[in-house]
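The chains referred to below are lettered A, B, ... by the order of the sequence lines, with proteins before strands, and numbering in each begins at 1. As the structure is a computational prediction, the values presented were derived from the model and not from experiment.
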Amino acid sequence: MYRTHTCGELRIENAGNEVTLAGWVQRVRDLGAMTFVDLRDRYGITQLVVDENTDKAVAVAIVELGREFVIQAIGTVRERQSKNKNIPTGEVEIALSEINVLSPAELPPFTIQDDTDGGDDLRMKYRYLDLRRDAVRENLVLRSKMAHAVRNYLNSKDFIETETPVLIKSTPEGARDFIVPSRMNEGQFYALPQSPQTFKQLLMIAGFDRYYQIVKCFRDEDLRADRQPEFTQIDCEMSFVEQKDVLEMFEGLTRHMFKETLNVEVDEFPWMPYSEAMEKYGSDKPDTRFEMLINDITETVKGKDFVVFDSAEYIGAICAKGCAEYTRKQLDGLTNWVKRPQIGAKGLVYVKCNEDGTFKSSVDKFYSQDDLKAWAEKTGAEAGDLILVMSGDKKHMLDALGELRLEMGKQLGLRDKNVFKPLWVVDFPLLEWDEESKRFYAMHHPFTSPKPEDIELMDTDPGKVRANAYDLVINGVEIGGGSVRIFDSELQSKMFSLLGFTKEEAEAQFGFLMKAFKFGAPPHAGIAFGFDRLVSLFAGLDTIRDVIAFPKNNAGRDVMIDSPSAVAEAQLDELNLKLNLKEKK
RNA sequence: GGUGGCGUAGUUCAGUUGGUUAGAAUAUCGGCCUGUCACGCCGAGGGUCGCGAGUUCGAGUCUCGUCGUCACCGCCA
């Protein structure tokens, strides 16, 4: 062994011990007649000291040390004359008797310390150096603990951890697949899984009863701060269960993770229908840390000759508590904010509810004090509050009001990272109409079961059919989702035909699954959590990159290893591939 | 595919209305220093202002293009 102790464990009780440490040089403080060296490893920092009693050879060697050298230090633990209360090893130091440079280091491009001077690009390029920093490493330690908590919990509930293939088959539904050419099967391709969906259902048919896997999934779509081309799911499936059973089980899992890793107790998870989430929060992933609900005031405000409102399909409002004092500048700022192309609202109407009980609005020309009072009653606004109103087509306005609500919540400091408000959003629509291709798409995926009471609607009004599908949402982040599955091959066929598959297409794409259903399929349901998002939420971060050891950038590139990259002509030839790159304009 | 921000010393940034030799902090190197722990003090070196074109007597600064990066919309469960 290169060491007898780590750099984080020596204490005053060890005084007098002969020890050997190994680690990285954090900093050298040369005071002339004596020199201090901070030696770092993942466990902590221990101070080494050279003074007039130290062997000359050691004193000479210490001068040559630079940042991030890897050294072995041998010496005696002793009590410090001046102690450092800020670190656990601060009462002791090592009087050096021998020092060995195990590996010298070039000067790092940024400093390895908590408040590093490195920008994002540089830290990504030298990710292995960034990972030496406590702050970054701690995120990955948290991730490891959370993965352990998942396994402990699910193992205790008789789940079987099963691996499923990574080289699978491309399917047309859902996200774009990453594809992998097959050398042995000329002209054919594997796809990397967007999720192990069909395999976990087959495991249920195989009688595994309870399955889970912490598994990499792949989607070839454009990226965001919370989206990577490869990401990790906690993937689960259960047999002989209904929606309620799944939600209880995974509420238990979530609660267990909060308790084990953050020592946080969270309230029972409320169930909110999708329709309510959309109407009151303007989102299918509501942030329930604060109220400021959206109110439909369409009927209240129409008929006063204000043409903008009278011609609108929907008029909605939110009430920002205590914001009546907003200045003209602030209100203009909000107006411009909602008029940005990303939100795309035409404008913003405000009503200030003054402390003296009067109202001041941007539409005073059309509305009396009594009219505005009615608005206030409708939105629950009291003296000192600010009502913000938008009008237009309903779907768009709910979306815009939802965004404005989040922005106001942010401005008012209502989105506290240390508060966790989980909920289940349930009763999602089964299908989603796509204007462009004039067909229905599965909102969740094609194996999702409709609610039994809505099955009749599949023939008459498919868009109205609700699914036994559910999402776990925490603090406005979609953490995961799942559904009760179809286990009847007749119903599954019907679903495929609603999605516009011909019998032949369905057979070619999912024949193996439909066939399997004919050999005795148990009722089953499942769920998958986005593990990266869950870890970043627990860590209080806005990006999942910081909880992934080696993440990719905005464009799906790994700037450290520089991938993706071109391959040799011979490799392409072996795969019978020819590039056909389009000319850039 | 689209919109916007950023790109200046190893690093993080400042740089006025377009005007002399592009600055600060930090890091690095050298000197001094016996209790530092963000050590301190003195000194030094360090620049293709992302790249290319244009406007101009003159461009870090203005315009266009391009590359890189980040955020968002489209896309994605």
What nitrogen or oxygen pairs link the protein and nucleotides 7-11 of chain B at under 3.5 Å?
{"from": "B/G10", "atom 1": "N2", "to": "A/Asp117", "atom 2": "OD2", "distance (Å)": "3.4"}
{"from": "B/U11", "atom 1": "O2'", "to": "A/Asp117", "atom 2": "O", "distance (Å)": "2.3"}
{"from": "B/U11", "atom 1": "O2'", "to": "A/Asp117", "atom 2": "OD1", "distance (Å)": "3.4"}

Sorted by chain and residue number, the salt bridge (Lys or Arg N to Asp or Glu O under 4.0 Å) partners of A/Asp427 (sequence neighbours excluded) come out as A/Lys451
Does the side chain of [X] come under 3.5 Å of the side chain of [Y] through a donor N or O and an acceptor N or O?
| X | Y | result |
| --- | --- | --- |
| A/Gln194 | A/Asp177 | yes |
| A/Thr89 | A/Arg80 | no |
| A/Thr164 | A/Gln213 | yes |
| A/Trp337 | A/Glu403 | no |

Can you list, pair by pair, the side-chain donor-acceptor contacts under 3.5 Å of residues 107-114 of chain A, counting residues two or more places apart and other chains?
{"from": "A/Thr111", "atom 1": "OG1", "to": "A/Asp117", "atom 2": "OD1", "distance (Å)": "3.4"}

Scan the side chains in residues 475-486 of chain A for donor-acceptor partners under 3.5 Å anywhere in the protein, sequence neighbours excluded, and list what turns up.
{"from": "A/Asn475", "atom 1": "OD1", "to": "A/Lys421", "atom 2": "N", "distance (Å)": "2.8"}
{"from": "A/Asn475", "atom 1": "ND2", "to": "A/Val419", "atom 2": "O", "distance (Å)": "2.8"}
{"from": "A/Ser483", "atom 1": "OG", "to": "A/Thr448", "atom 2": "OG1", "distance (Å)": "3.3"}
{"from": "A/Ser483", "atom 1": "OG", "to": "A/Arg485", "atom 2": "NH1", "distance (Å)": "2.7"}
{"from": "A/Arg485", "atom 1": "NE", "to": "A/Glu237", "atom 2": "OE1", "distance (Å)": "3.4"}
{"from": "A/Arg485", "atom 1": "NE", "to": "A/Glu237", "atom 2": "OE2", "distance (Å)": "2.8"}
{"from": "A/Arg485", "atom 1": "NH1", "to": "A/His445", "atom 2": "NE2", "distance (Å)": "3.1"}
{"from": "A/Arg485", "atom 1": "NH1", "to": "A/Ser483", "atom 2": "O", "distance (Å)": "3.4"}
{"from": "A/Arg485", "atom 1": "NH2", "to": "A/Glu237", "atom 2": "OE1", "distance (Å)": "2.8"}

For nucleotides 74-77 of chain B, which of its nitrogen or oxygen atoms have a protein nitrogen or oxygen under 3.5 Å away, and what is each distance?
{"from": "B/G74", "atom 1": "N7", "to": "A/Arg224", "atom 2": "NH2", "distance (Å)": "2.8"}
{"from": "B/G74", "atom 1": "O6", "to": "A/Arg224", "atom 2": "NH1", "distance (Å)": "3.0"}
{"from": "B/G74", "atom 1": "O6", "to": "A/Arg224", "atom 2": "NH2", "distance (Å)": "3.3"}
{"from": "B/G74", "atom 1": "N1", "to": "A/Asp222", "atom 2": "OD2", "distance (Å)": "2.6"}
{"from": "B/G74", "atom 1": "N2", "to": "A/Asp222", "atom 2": "OD2", "distance (Å)": "3.3"}
{"from": "B/C75", "atom 1": "O2'", "to": "A/Glu221", "atom 2": "OE1", "distance (Å)": "2.5"}
{"from": "B/C75", "atom 1": "O2", "to": "A/Arg227", "atom 2": "NH2", "distance (Å)": "3.2"}
{"from": "B/C75", "atom 1": "N3", "to": "A/Arg227", "atom 2": "NH1", "distance (Å)": "3.3"}
{"from": "B/C75", "atom 1": "N3", "to": "A/Arg227", "atom 2": "NH2", "distance (Å)": "2.8"}
{"from": "B/C75", "atom 1": "N4", "to": "A/Arg224", "atom 2": "NH2", "distance (Å)": "3.4"}
{"from": "B/C75", "atom 1": "N4", "to": "A/Arg227", "atom 2": "NH1", "distance (Å)": "3.2"}
{"from": "B/C76", "atom 1": "O3'", "to": "A/Ala175", "atom 2": "N", "distance (Å)": "3.4"}
{"from": "B/C76", "atom 1": "O2", "to": "A/Arg227", "atom 2": "NH1", "distance (Å)": "2.9"}
{"from": "B/C76", "atom 1": "N3", "to": "A/Arg227", "atom 2": "NH1", "distance (Å)": "3.2"}
{"from": "B/A77", "atom 1": "OP1", "to": "A/Ala175", "atom 2": "N", "distance (Å)": "2.7"}
{"from": "B/A77", "atom 1": "O3'", "to": "A/Arg219", "atom 2": "NH1", "distance (Å)": "3.4"}
{"from": "B/A77", "atom 1": "O3'", "to": "A/Arg219", "atom 2": "NH2", "distance (Å)": "3.2"}
{"from": "B/A77", "atom 1": "N1", "to": "A/Met443", "atom 2": "O", "distance (Å)": "3.2"}

Once you measure the plane-to-plane angle for A/Tyr470 and A/Trp424, does it fall in the parallel (<30°), tilted (30-60°) or perpendicular (>60°) bin?
perpendicular
Among pairs that include at least one residue of [range], which meet salt bridge (Lys or Arg N to Asp or Glu O under 4.0 Å), considering only residues two or more places apart or in two chains?
| range | result |
| --- | --- |
| residues 550-563 of chain A | A/Glu230-A/Lys552, A/Arg557-A/Asp562 |
| residues 63-76 of chain A | A/Arg40-A/Glu68, A/Glu68-A/Arg132 |
| residues 8-17 of chain A | none |

Got a sec? Which of residues 535-563 of chain A come in under 4.0 Å of RNA chain B, heavy atoms?
A/Arg545, A/Asn553, A/Asn554, A/Val559
Among residues 77-97 of chain A, which residues get a heavy atom nearer than 4.0 Å to RNA chain B?
A/Arg78, A/Arg80, A/Gln81, A/Ser82, A/Lys83, A/Asn84, A/Glu93
If you pin A/Ala33 and A/Asp226 to their nearest nucleotides in RNA chain B, which one's is more 5'?
A/Ala33
For A/Phe69, give me all partners under ring-ring contact (aromatic ring centres under 6.0 Å, His included), at least two apart in sequence or on another chain.
none
Distance check: side-chain N/O of A/Arg29 vs OP1/OP2 of B/U36, anything under 4.0 Å?
no
For the backbone of A/Arg466 and the side chain of A/Asp454, can you confirm whether one donor and one acceptor N or O come within less than 3.5 Å of each other?
yes
Considering only the C1' atoms, how many Å lie between B/C70 and B/U63, rounded to the nearest integer?
25 Å
In what stems does RNA chain B take part, counting only runs of at least 3 consecutive Watson-Crick or G-U pairs whose two distances fall under 3.5 Å?
B:1-7 with B:67-73, B:10-13 with B:23-26, B:28-32 with B:40-44, B:50-54 with B:62-66
Base, sugar-phosphate, or nothing for A/Gln113, non-hydrogen atoms under 4.0 angstrom?
nothing
Is the distance from the ring center of A/Phe510 to that of A/Phe447 below 6.0 Å?
yes
